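As the structure is a computational prediction, the values presented were derived from the model and not from experiment. Numbered from 1 within each chain, the chains take letters A, B, ... in sequence-line order.
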Amino acid sequence: MNLLTSVTEIKQQIIEQFEKHADELYNGTGNRINRFRKQALDDFNRLGIPTAKNENYRYTPVDRFLQGSYDLDLKANPFRIEPEDVFKCNIPELDTDVLLFLNGFYYGSGRPLNVPDGVVICSLNEASERHPDIFQAHYSKYASTSEDGLVAMNTLFARDGIFIYLPDDAVLRRPLQIINLSHSFNNLRITRRNLVVAGKNTAASLVICDHTLCEQSYHINSLTEIVLDDHSHIDYTRIQNENNLSAQINNVFVNQQSGSLFNSHIITLHAGLSRNNFYVNLMAPFCESNLYGLFLCDRKQHVANYTLMNHDSPDCLSNQLFKGILDDEATGTFNGKIHVRKDAQKTRAYQRNNNILLSSASKMNSKPHLEIYADDVKCSHGATTGQLDNEALFYARTRGISEKEARHLLMYAFANEIVSEISVDILRERIIEMIDKRLRGELSRCNNCDIHCTS
Amino acid sequence: MNASQDKLLAKVTQADYKYGFYTDIETDAFAKGLNEDVVRQISGKKNEPGFMLDFRLKAYSHWKTMKMPEWAHLTIPEIDYQDIIYYAAPLQKPTLGSLDEVDPELLRTFEKLGIPLEEQKLLSGVAVDAVMDSISVKTTFKETLAELGVIFCPMSEAIREYPDLAKKYIGSVVPYTDNFFAALNSAVFSDGSFCYIPKGVRCPMELSTYFRINMANTGQFERTLIIAEDDSYVSYLEGCTAPVRDNNQLHAAVVEIVVLDNAEVKYSTVQNWYPGDKNGKGGIYNFVTKRGLCKGDHSKISWNQVETGSAITWKYPSCILKGNHTTGEFYSVAITNNYQQADTGTKMIHIGKNSRSTIISKGISAGHGQNSFRSLVKVLKTADNVRNFTQCDSLLMGDQCGAHTFPYIEVENDSAVLEHEATTSRIGEDQIFYCNQRGIDTENAIGLIINGYAREVLNKLPMEFAVEAQKLLQISLEGSVG
């Protein structure tokens, strides 16, 4: 007997939930967000939850993680928890400006932010009212609802998130740390909608930490639109550390203008289902885009990384490197695509995916695609799936290192290629520490930050 | 790109199809269209036993429920399956004792192609099963092969003469439910080649079939079955050229290979069907299902292909590595020029322990051609110690063409080691300059570079094909540098 709720039923539940709460959503949100909902509803109704029949979601069983019923949190509740007490992830040495989100709602910083004049950092809903011009120019412009049901769903339920605007020449000296917390007494459907607009010659580093504070099941649909104007530079580092019941769909749409640089690091330590979709459009010449990803998963976790690197203009450079270590019954997917348009000559686009399987029940699916319509290009992709190198293990053991320690060393070295690319020193060290713990199995539960985030 | 290269490019890429001609032979053809009666009539024409008719009818009713696959990276104009003649056989005298009795018109056709039967028969030692419009007209060297117990005959004959083998193996590797084109083929296949290598026999000569599509509006539906018993070996050649035709022609073939313990089958193809003219008009639609089953332990299948023709190619010669210690190989060169489209590649399904596979694909894209490589390497839970190496390189010539790769890698066993690598580039100006510097003109330099690029695959072809394949590469591409 099949006990699973079908995707059609899940879709129906979601639509009913929207209709039930439509008034609250419309009333609680600005018109510039609301006006996209109708189209999004139509699109979601048409597209539904993606299944294995959708080529992009071929290996990701989204529906398996969306069983059961979910509540909807429609307004920011006063804190039931003191974030400073519970959450000590703001690494002591790491000098960051911290922004807190609970269940998708902006709770601000509590402290004044140390940012240059003209920089706007606030809640998305607030920005839609206070900065209508910037908002209107970019909101929902890059994330098309007509192709992916989950993007449509995000636009349908969009309520809050972060809005960052950097006027021309603004440089954030300190990383901006955005901490997404999920905490509730019931299963919850959480929608996060973010917009980052970087003007000319700007620079900022965003560090995003995703955490669940309790053992409820969360269906998190997060969508971020990032716009980089000429010669701007955005670092996007995301650390995903959520409980095994939660499903996170993280869509990132990046739109790059001439000479801009976008670096992204996705470190997935924990989650029931973690799906990261990157859509990067290189719209003007001399852009550079680097996507790095590392995932460590075990038990029945599923981690999927999907990328679409669109080379729309000549002379751009892109790099993709995704690595994964899978244990127990974990499944992983890498689905990367480089698309080089007809006139995008002198493109250099590289893609690599390396995976290590530690157990016989783990599975890895890899699909590195190239679609190339220009001739003067250098493109390559590579993918490997294998085990820890037996000879290296043997070598380590002849030097008196125990097998356990040697295995750990090799895994650590494997992961280090990704981590070493993180430019903020203290953050990098911190992540190395977390990975170290994760590999030793000490970071196995993530229901309470006190346990694992303070050393 | 400078002016002289431009001219060269134009000259080469716009050259007319060398093998274009039409043989005027009286043909026995059905009316256009497909229905159950047509399927029955085809079966009746062949005097097939009842199980074959059942198979065809089941396939036909299944086909009716299917839709054309749309996942390939191809733009396929709509095909009206009711506008195709499903059976056409050259009329000829009923019995043929020697070559003299073969229709002289037909023989001249082969001569134009540069493969005179007599010469082949006398000099090259290759047994030729010549297929012209769906039914085999002449099989040579049959006696020599018969002494060894090798059966090499037209499929229709095999179904009549060896019904046990046919019943056991037809549809065992490619069931009629497999895909749209396989279902269509299963319902209406007209003929093809059947090849049986008995236990312990190493086939002394390369078995070869030349396919010809001859009559306008004739879909050609071949079905080939190769069975290699324990400890046997055979190398099989398939090659094709087709005359210039304005109407698109459909070709949906099925090839099945079964390999038992310690046996090896090498299957080589040079495909040079009419690719359409330089404006993309006409040309063959080539939708082929090829699959081999390494059923026994230590068995091996090697697919080698050079794809230069056809307007649209949809073809994935695959290996199911079921036995332990089995080996699958796929070596391919695919060229698309003008408005040709190709979506080709392979599947390696690892089921047996210690199975190995190698995939080497070289795509060359010129003019407005779109060349896609698509592969699946799947390692099942049962398959311990699997080893796979995949390399797919693409070469682009000119800024109007495209090269795409769609590899799928699915691993369910932690002892597997898989590697995949791919590059896309064009012929470097520095490489050409280096050759020029040493007195090699640009045209020859490109020939040199292309041949070097494809060498890895060409080397795998049997001698007879390697020469033809090299010529084809040169004809197709020399001088077309971006």
Side-chain angles (χ1 to χ4, degrees), chain A residues 53 55 58-59 314 325-345 347-390, chain B residues 1 70-71 73 363 365-366 368 370-382 384-429 480-482:
Chain A
K53 285 198 174 144
E55 188 63 21
R58 190 183 163 99
Y59 300 116
I325 302 178
L326 299 102
D327 203 350
D328 298 339
E329 290 167 60
T331 48
T333 301
F334 171 72
N335 184 341
K337 184 162 159 186
I338 295 173
H339 188 278
V340 180
R341 236 191 50 174
K342 204 169 128 192
D343 301 320
Q345 300 292 9
T347 286
R348 285 167 296 152
Y350 309 103
Q351 188 184 59
R352 186 148 61 89
N353 172 231
N354 304 116
N355 310 297
I356 289 183
L357 300 181
L358 294 177
S359 74
S360 58
S362 54
K363 275 187 209 174
M364 181 66 206
N365 298 310
S366 186
K367 219 178 96 179
H369 283 192
L370 300 177
E371 256 185 68
I372 296 162
Y373 297 90
D375 65 329
D376 189 6
V377 299
K378 280 196 180 122
C379 296
S380 70
H381 66 182
T384 61
T385 301
Q387 311 82 46
L388 296 176
D389 184 352
N390 273 328
Chain B
M1 194 195 291
E70 284 167 358
W71 44 263
H73 193 84
S365 207
H368 293 267
Q370 297 295 335
N371 202 330
S372 306
F373 168 79
R374 189 182 297 274
S375 73
L376 168 69
V377 179
K378 189 174 179 126
V379 180
L380 282 113
K381 232 181 164 58
T382 50
D384 294 335
N385 304 317
V386 164
R387 191 77 178 81
N388 161 267
F389 176 74
T390 304
Q391 186 185 346
C392 62
D393 295 333
S394 308
L395 199 64
L396 291 150
M397 298 180 156
D399 55 5
Q400 305 293 316
C401 55
H404 321 296
T405 50
F406 303 92
Y408 293 72
I409 304 158
E410 303 179 11
V411 189
E412 296 180 15
N413 187 300
D414 66 329
S415 63
V417 177
L418 289 92
E419 291 168 273
H420 176 100
E421 59 181 50
T423 60
T424 302
S425 56
R426 63 173 186 166
I427 294 181
E429 276 145 19
S480 46
V481 67

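Remark: B/Ser394 engages B/Ala403, B/Thr405, B/Thr424 in a side chain to side chain contact (heavy atoms under 4.5 Å, CB included) (not counting sequence neighbours).
Heavy atoms closer than 4.5 Å to chain B are found nowhere in A/Leu326, neither backbone nor side chain. If you measure heavy-atom distances from A/Arg352 to chain B, you find no contacts under 4.5 Å at all. Of the two parts of A/Phe334, neither the backbone nor the side chain holds a non-hydrogen atom closer than 4.5 Å to a non-hydrogen atom of chain B. For chain B, the nearby part of A/Ser359 is the backbone; its heavy atoms alone come within less than 4.5 Å. Both the backbone and the side chain of A/Ala361 have a heavy atom closer than 4.5 Å to some heavy atom of chain B. Of the atoms belonging to A/Gln351, not a single heavy atom falls under 4.5 Å from chain B. Heavy-atom distances place no part of B/Gln391 under 4.5 Å from chain A, backbone and side chain included. Interface remark: A/Ala374 contributes backbone atoms only to the contact with chain B (heavy atom separation under 4.5 Å).
Looking only at heavy-atom pairs under 4.5 Å with chain A, the residue among B/Gly402, B/Ser425, B/Ala416 that has the most is B/Ala416.
Here B/Lys378 pairs with B/Glu410 in a salt bridge; the nearest charged N to carboxylate O distance falls below 4.0 Å.
A donor and an acceptor atom, one from each side chain of A/Ser360 and B/Asp414, are nowhere located under 3.5 Å apart.
Taking the six-membered ring for Trp and the full ring otherwise, the centers of A/His369 and B/Tyr408 sit less than 6.0 Å from each other.
Taking 4.5 Å as the limit, every side-chain heavy atom of B/Asn413 sits out of range of all side-chain heavy atoms of B/Val386.
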Practice task
Mind running side chain to side chain contact (heavy atoms under 4.5 Å, CB included) on A/Glu55 and B/Phe406 for me, showing each step along the way?
Solution key: CA-CA 12 Å; A/Glu55 188 63 21; B/Phe406 303 92; over 6 Å; no

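Nearest heavy-atom pair across B/Leu396 and B/Arg426 is O-CB, 3.2 Å.
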